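Please read all numbers here as calculations on a predicted model, not as lab measurements. Whatever order the structure lists them in is the order used to number ligands and atoms, beginning at 1.
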Amino acid sequence: MVNICCIGAGYVGGPSCAVIAYQCHDVKVTIVDLNQARIDAWNSDELPIYEPGLDEIVFARRGKNLFFTTDVDQAIIDADLIFVSVNTPTKKTGMGAGMAADLAYIERATRRIAEVATSSKVVIEKSTVPCRTAQSMRTILEANSNKNIRFDILSNPEFLAEGTAINDLTNPDRVLIGCLQTPEGFAAQQKLVDIYTRWIPKEKVITMNLWSSELSKLAANALLAQRISSINALSAICEATGADVDEVAYACGTDSRIGPKFLKASVGFGGSCFQKDILNLVYLSEQLHLPEVAAYWKSVVTMNEYQKMRFTHRIVRTLFNTVTHKRIALLGFAFKKDTGDTRESAAITLCSYLIQERANVAIYDPKVSAAQIKMDLTEPGVGTNEATVEKHIQVCKTAYEACADAAAIVICTEWDEFKMHQLDYQKVFDSMQKPAFIFDGRLILDAPKLREIGFRVETIGKSI
Ligand code: UDX
Ligand code: ADP
């Protein structure tokens, strides 16, 4: 039986290794984390992350060939292959602050492997990391371990997107495995190829060198984010000229060289990866003395910030240049639909701007708790504090509750339950102050129908 350990039971490690257990019943998968509460949740009926289809997979294999524990050392000792799926947030202080990835968690996990391993291991870098992290991991492992033990490092970046993770893992566009181009490296690579090809066609499992694999992950996220910033930049032109951003995206997307995906204008991209990975790329470019390259990628993030700011200005301008003491219903707080994750969500920035304008914001999100919302809004750097959040934020249990008596609705997340056929907009309208405004930051609403009801509608990328 192949024995796999996954260090880090988060959004990446949890789903990706649960799917391996689901697909390969003869592989024992142990997912470990230092966070006891998180592990307890993985072992309960209420998993710590919301992801469509994840419950079924975990409940089917948990206790059979899928285990969750805080006993990191034992899982390392028993494993043949170890996935390192710990967090790699942007550094908050010190060199590269605000740009470089904080590799402290990776280093700590790597040192632990070196300290406790009693047999050879294939160590797989799964978290997104700056280029050449594998080299650092190898140096740590080799310097700290017994000479009879061999460590081979692979890079196997994760391309799953939250909300569609299970499908992305079951039917991926590709799986990337990078290794050192040595006979031992190829042998280690083959072990992982043999796992994935149990359910993924061989031609989709791409092998390459370690550094290409590490860079490809950053590059893929940077290219995706760049498309969103490009369409968002065009949305500003649309609003100023009367063009319709959905029509422009459709016209461009039908060119097979461009393709239709990731051209949905929005209030701004969020999530734990896009901004972090681009900033990583910017930092790398600066380190390599490539300032033009750094500036090029940086502009993708700058455009995203601009989009959030621009949308807030539009709200304030439309509401007669003041939102002070006005009740604004903010629908959606997660960074996209079908996830409870709020990391880098545009809603956080929007809320913070609205609070600074002294609006009263009534928030509803089907999957984000009040505690999470308050924690996000009081994080350092967000520009608010506990007292103002308590005073200006109300977290509601339904969209109707949030909208009741509001001067305006702001759609931040494209949850299906906010769409026209699911939410009764006549009922919403009747409960609001008049004139009743809706700001659609996700282009999910039918503006003409809303206008028939009596709403004043403002949509990203549209001037009418
Ligand atoms: C992303 C990558 O898609 C995934 O491959 C990688 O492994 C991790 O980062 P994720 O952040 O989970 O995944 O979600 P994604 O669907 O890419 O959306 C990111 C953000 O962009 C969201 O805020 C989303 O709403 C926004 N977005 C996406 C748009 O604004 N417009 C689009 O057309 C697509
Ligand atoms: P991601 O989205 O990349 O999965 P998360 O923050 O959701 O990031 O998950 C990373 C997990 O890794 C966290 O639950 C954290 O507790 C865990 N972790 C970090 N360092 C270690 C470590 N040295 N050993 C075990 N778990 C770790």
Inset, instruction - Could you say whether the N/O atoms of Phe159 and ligand 1 ever approach to under 3.5 Å? - result: yes
Check: of Ile228, Leu443, Val12, min heavy-atom distance to atom 28 (C) of ligand 1 comes from Ile228
Within the 4.0 Å heavy-atom cut-off, what Arg111 brings close to ligand 2 is neither
Quick look: Ser127 vs ligand 2, heavy-atom contacts under 4.0 Å, and the answer is neither
Any heavy atom of Lys217 under 4.0 Å from ligand 1? The part involved is side chain
Note: Thr164, heavy atoms under 4.0 Å from ligand 1, region reported as neither
Of Gly332, Ala249, Gly268, Ser266, the one whose closest heavy atom lies nearest atom 30 (O) of ligand 1 is Ser266
Going by the 4.0 angstrom heavy-atom rule, the piece of Arg112 near ligand 2 is neither
One finds that the ligand 1 atoms under 4.0 Å from a non-hydrogen atom of Cys273 are 8 (C), 9 (O)
Exercise. Under a 4.5 Å cut-off applied to non-hydrogen side-chain atoms, are Pro366 and Phe418 in contact?
Worked result: yes
Going by the 4.0 angstrom heavy-atom rule, the piece of Arg343 near ligand 1 is neither
Min over Phe262, Phe269, Phe335 of heavy-atom distance to atom 34 (C) of ligand 1 lands on Phe262
Worksheet item: Do Glu414 and ligand 1 have an N or O pair less than 3.5 Å apart?
Response: no
The answer for which part of Ile7 has a heavy atom under 4.0 Å from ligand 2 is side chain
Review point. Salt bridge or not for Asp152 and Arg150, using N-O below 4.0 Å?
Key: yes
With respect to Gly271, determine whether any N or O atom, backbone or side chain, lies less than 3.5 Å from an N or O atom of ligand 1. no
